[in-house]
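Being a predicted model, the structure only gives us computed values, none of them experimental. Atoms within a ligand are numbered from 1 in the order they appear, just like the ligands themselves.
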Amino acid sequence: PETITIQELANRMSERGVDVIKLLMKQGQMHKITDVIDADTAQLVAEELGHSVKRVAESDVEEGLFDTPGEDDHLVSRPPVVTIMGHVDHGKTSLLDAIRQANVVSGEAGGITQHIGAYQVVAPNGAPITFIDTPGHAAFTAMRARGAKVTDVVVLVVAADDGVMPQTIEAINHARAANVPIIVAINKIDKPDAKPERVRSELLQYEVQVESMGGETLEVEVSALKRTNLDKLLELIALQAELLDLKSNPDRPAEGTVIEARLDRGRGPVATVLVQRGTMRVGDIIVAGSQSGRVRALLDDKGANVTSAGPSFPVEVLGFAGAPDAGDRVAVVESEARAREITEYRERLKRDKAAARGAGAGRSLVEMMS
Ligand code: GTP
Ligand code: MG
């Protein structure tokens with residue numbers, strides 16, 4: 001049910017809390033300032049005090065922002081988005097670095113490749129693959145908790161000399177919960193004490209049955225250090241992507257997810273955004289969480305300016321008024337007024353939730369117009 005604390009109600013009307021309490025008392029209700037009242041009571045109180053009331057439902061603001069199924073009739077293939085997970089020190093970062101370097105043309109190798117938290121590489125068959133470079137399990141869980149499904153494939157890195165460890169199991173569970181297929185990369189096979197067979201049979205205990213054990217989970221033995229089988233890994237990812245038949249409509253206003261965001265001294269708020277549907281363009285009006293802005297510039301993972309970014313394309317977005325949060329969903333909206341409406345509503349909702357938590361009750365959806 002819609003509720004509001006007396007304090008918040010008073011704040012919105014710029015009235016004193018004590019006056020609200022007195023008014024309620026006259027109507028036979030005894031309350032403290034931290035008490036929660038329902039929206040109908042709040043409306044009566046507000047009108048009694050000479051305010052006009054506009055009640056806003058969540059659906060008025062959020063509906064149509066993300067879910068507009070009928071619109072997605074023009075679906076075209078999009079690159080897979082891959083997250084690398086695995087136990088501490090099993091070689092996630094080394095593998096990502098090796099993949100990226102193997103893909104950077106030699107002239108660029110010594111140059112400055114900007115770190116934007118996500119990047120695209122090209123598989124041997126020419127298919128682009130997007131890697132998300134924030135493989136922390138906490139980040140993955142946080143994004144899922146916010147309803148952001150960004151990953152299509154999880155590459156599970158297991159060190160051949162160490163085997164299945166607690167965070168390996170955690171990663172398996174994360175991938176399962178998100179219903180994302182796993183590709184097993186048995187890493188460090190260059191090591192003399194590598195036991196890839198042991199890894200395979202250990203994985204069986206967690207119901208991950210790789211192909212060589214008669215299962216369907218794709219697998220590859222790699223060495224990030226010696227750069228062994230990196231192409232094979234990319235091929236498997238491209239193959240898995242084909243099986244998933246990933247599609248998205250590029251011809252619609254962009255939607256995506258904030259992978260990371262920060263306040264840059266020179267450039268202001270900078271957000272790495274993974275575009276998931278539609279195409280984002282310079283000049284677009286965007287909202288993410290309670291932040292909004294107009295896209296001033298888009299940069300790809302090499303730091304080069306681009307004018308647009310389509311599905312599965314990671315870009316740095318300049319132009320937000322403030323830094324959004326990682327995991328926030330991004331949408332392009334039609335006007336600044338609409339952007340303001342959404343962000344103001346979300347700001348208020350955030351405050352209400354905090355207030356209601358303080359008062360131990362549900363959220364409020366009552367807006368006061370003076
Ligand atoms: P965290 O981020 O701490 O969870 O670790 P990580 O999984 O990113 O592992 P990282 O890439 O930092 O590698 C851990 C150690 O393993 C480093 O000393 C790497 O040099 C080493 N290492 C990674 N891959 C290989 C490999 O293929 N062979 C060998 N011999 N060593 C490797
Ligand atoms: Mg690492």
Looking at E48 and K26, does any basic side-chain N land under 4.0 Å from a carboxylate oxygen? no
Would you say the side-chain atoms of T130 and Q120 include a donor-acceptor pair closer than 3.5 Å? yes
If you scan protein heavy atoms around atom 23 (C) of ligand 1, the nearest is S94 OG, 3.3 Å
Which protein heavy atom lies closest to atom 5 (O) of ligand 1, and at what distance to 0.1 Å? D89 N, 3.0 Å
Would G91 count as a polar contact of ligand 1, with the cut-off being nitrogen or oxygen pairs under 3.5 Å? yes
Should you measure from each heavy atom of H87, which atoms of ligand 1 turn up under 4.0 Å away? 7 (O)
Please could you name the atoms of ligand 1 that H90 approaches to less than 4.0 Å, counting only its heavy atoms? 7 (O), 9 (O)
Would one find an N or O of L95, backbone or side chain, under 3.5 Å from an N or O of ligand 1? no
Between the side chains of T343 and Q291, does any donor sit under 3.5 Å from an acceptor? no
For ligand 1, find out whether one of its N or O atoms is nearer than 3.5 Å to an N or O atom of K191. no
Any non-hydrogen protein atom less than 4.0 Å away from atom 8 (O) of ligand 1: yes
What pairs with D190 under salt bridge (Lys or Arg N to Asp or Glu O under 4.0 Å), at least two apart in sequence or on another chain? none
Which is it for T93 and ligand 1 at heavy atoms under 4.0 Å: side chain, backbone, both or neither? both
Out of M85, R227, K188, who gets a non-hydrogen atom closest to atom 22 (N) of ligand 1? K188
Of all the atoms in T93, is at least one N, O or S atom closer to the Mg ion (ligand 2) than 2.8 Å? yes
Does any N or O of ligand 1 fall below 3.5 Å from an N or O anywhere on I189, backbone included? no
Would you say the side chains of R281 and T307 form a donor-acceptor pair under 3.5 Å? no
Given the rule in the salt bridge (Lys or Arg N to Asp or Glu O under 4.0 Å) test, do E219 and K232 qualify, once you have shown the distances and angles that lead to the verdict? CA-CA 10 Å; E219 59 170 321; K232 178 86 193 300; over 6 Å; no
min-distance protein heavy atom vs atom 24 (N) of ligand 1 -> N187 ND2, 3.2 Å
Would K226 count as a polar contact of ligand 1, with the cut-off being nitrogen or oxygen pairs under 3.5 Å? no
Starting from atom 30 (N) of ligand 1, locate the nearest protein heavy atom and write down its residue, its atom name and how far away it is, to 0.1 Å. D190 OD2, 2.8 Å
Quiz question: by atom type and distance under 3.5 Å, do the side chains of D162 and H87 form a donor-acceptor pair? no
Is a side-chain donor-acceptor pair under 3.5 Å present for R78 with S312? yes
Does the protein come close to atom 19 (C) of ligand 1 - that is, does one of its heavy atoms sit below 4.0 Å from that atom? yes
Is there a donor-acceptor contact under 3.5 Å from the side chain of T228 to the main chain of V222? no
Would you please test R176 and E207 for salt bridge (Lys or Arg N to Asp or Glu O under 4.0 Å) and show each step? CA-CA 11 Å; R176 282 232 175 92; E207 284 156 56; 5.1 Å; no
Counting heavy atoms only, which of A194, A224, A185 is nearest atom 27 (O) of ligand 1? A224
Could you tell me whether K92 and D97 make a salt bridge, using a distance below 4.0 angstrom between a side-chain N and a carboxylate O? no
Identify the protein heavy atom lying closest to atom 4 (O) of ligand 1, giving its residue, its atom name and the separation to 0.1 Å. K92 NZ, 2.8 Å
